[in-house]
Amino acid sequence: MGQPSLLQACAAAVDYAYPWDRIVAAFKFEGDPGWARPLAGLLSQCETAEALRSAADWVLPVPLSDARLRMRGFQQTALLAQAWAGPQAQTRWLLRLRDTPPQAGLTRQARLRNLQGAMALEPAHAHRVRGQSLLLLDDVMTTGATLEAAAQVLWDAGARQVSAVVLARTPAPGS
């Protein structure tokens, strides 16, 4: 049995399957930031995601490392957060301190180890999360390890609540 989640709730707009897997790949890997608004519209159609956003003080996108940001040219989760949550999105509070090896193919435990110490709060904004209800936003969730690592940083800084919304969730094996 696994440990309890650090997320109080998590919603996904769609399964990471056809056609969404191809659209998300175009958004992330093919340098097409124009997908941010239509994908934000998809999030807006998800009642659970909208309820979580309405209950949150701030929406924090899961950040890329500097190396991945240079490679892609834009931070897809930040664009998605701005398009979906507007002024509620805080795109500079959560930082990725180091580049981590790709998570694909790793077990949940290996992913968690991979992410240890990889995220932090921007020191100038760290005090702003204390007592706040925060909503993490990511594009794709597989095991939840990235969201758990980000949530730990927020809990350690005194967040009141931490939940998450993802654009797409990898379906469980056999589903």
Side-chain angles (χ1 to χ4, degrees), residues 1-30 32-64 74-94 96 103 108 111-112 115 119 121 125 128-155 157-175:
M1 181 176 213
Q3 291 185 318
S5 175
L6 294 172
L7 300 171
Q8 291 169 296
C10 186
V14 296
D15 281 342
Y16 190 61
Y18 182 83
W20 307 113
D21 55 346
R22 293 182 183 178
I23 292 169
V24 171
F27 180 43
K28 284 176 72 164
F29 304 119
E30 296 172 18
D32 196 348
W35 279 107
R37 286 226 177 273
L39 293 174
L42 190 63
L43 285 172
S44 294
Q45 293 173 21
C46 176
E47 289 180 25
T48 308
E50 279 296 302
L52 289 171
R53 186 180 63 78
S54 292
D57 296 308
W58 305 106
V59 175
L60 282 64
V62 172
L64 290 175
F74 63 96
Q75 174 123 253
Q76 77 278 358
T77 55
L79 292 178
L80 189 59
Q82 289 167 332
W84 181 53
Q88 195 179 11
Q90 294 299 331
T91 62
R92 291 188 169 89
W93 289 10
L94 192 58
R96 180 77 66 122
Q103 300 279 74
R108 178 175 166 71
R111 287 172 184 240
L112 287 168
L115 290 161
M119 291 191 214
L121 284 166
H125 300 292
R128 294 183 181 191
V129 305
R130 180 169 300 286
Q132 299 293 297
S133 177
L134 304 171
L135 183 62
L136 291 165
L137 177 66
D138 207 355
D139 49 14
V140 178
M141 177 180 171
T142 303
T143 66
T146 301
L147 290 167
E148 294 279 332
Q152 185 66 63
V153 168
L154 300 176
W155 285 119
R160 180 172 46 85
Q161 283 189 285
V162 181
S163 294
V165 166
V166 296
L167 180 60
R169 171 77 167 99
T170 302
S175 63

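Every value quoted in this text rests on a predicted model; they were computed, and no experiment measured them.
A donor-acceptor pair under 3.5 Å is formed between the side chain of R169 and the backbone N or O of T142. A distance-only check finds no donor-acceptor pair linking the side chain of W20 to the backbone of A168 [under 3.5 Å]. At distances below 3.5 Å, not a single donor-acceptor pair connects side-chain atoms of R96 with backbone N or O atoms of L64. Side-chain atoms of T91 do not come within 3.5 Å of backbone N or O of A78 as any donor-acceptor pair. Remark: side-chain polar atoms of Q88 are paired, donor with acceptor, to backbone N or O of R53 under 3.5 angstrom.
Take T48 and apply the side-chain hydrogen bond (donor to acceptor under 3.5 Å, both in side chains) test, not counting sequence neighbours, and it matches no residue. Residues satisfying the side chain to side chain contact (heavy atoms under 4.5 Å, CB included) criterion with A9, sequence neighbours excluded, are L52, S163. Partners of D21 under the side-chain hydrogen bond (donor to acceptor under 3.5 Å, both in side chains) rule, at least two apart in sequence or in another chain, do not exist in this structure. The salt bridge (charged side-chain N to carboxylate O under 4.0 Å, His left out) check on R160 picks up D57, with sequence neighbours excluded. Remark: A26 pairs with E30, W35 by the side chain to side chain contact (heavy atoms under 4.5 Å, CB included) rule, at least two apart or across chains. Remark: W58 engages W93 in a ring-ring contact (aromatic ring centres under 6.0 Å, His included) (not counting sequence neighbours). Taking the side-chain hydrogen bond (donor to acceptor under 3.5 Å, both in side chains) definition, one finds that Q75 meets it with nothing, sequence neighbours left out.
Atom CD of Q152 is separated from atom CG of L7 by 10.5 Å, given to the nearest 0.5 angstrom. Taken from CD in Q161 to CH2 in W155, the straight-line distance is 7.0 Å, to the nearest 0.5 Å. In this structure, F74 CZ and D32 CG are separated by 7.0 Å, a value rounded to the nearest 0.5 Å. Distance check: Q76 CD to D138 CG gives 7.5 Å after rounding to the nearest 0.5 Å. Taken to the nearest 0.5 Å, the CZ atom of R128 stands 11.5 Å off from the CG atom of L121.
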Side-chain donor-acceptor contacts of residues 37-46 below 3.5 Å, not counting sequence neighbours, with atom names and distances?
residue: S44; atom: OG; partner: A40; partner atom: O; Å: 3.2

Could you pull out every donor-acceptor pair under 3.5 Å between side chains of residues 79-87 and any protein atom, sequence neighbours left out?
residue: W84; atom: NE1; partner: E50; partner atom: OE2; Å: 2.7

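V162 has its side chain out of reach of L6: every pair of non-hydrogen atoms, C-beta onward, lies at least 4.5 Å apart. The closest side-chain heavy-atom distance from L60 to L154 is below 4.5 Å. Put simply, the side chain of M119 reaches to within 4.5 Å of the side chain of V62, judged on heavy atoms.
Of all the heavy atoms in A49 and A11, the pair that sits closest is N-CB, 3.9 Å. Here the closest heavy-atom approach between residue P61 and residue L94 is recorded as O-CD2, 4.1 Å.
Checked against V140 for a side chain to side chain contact (heavy atoms under 4.5 Å, CB included), the options T170, V166, L167 give a single hit: T170.
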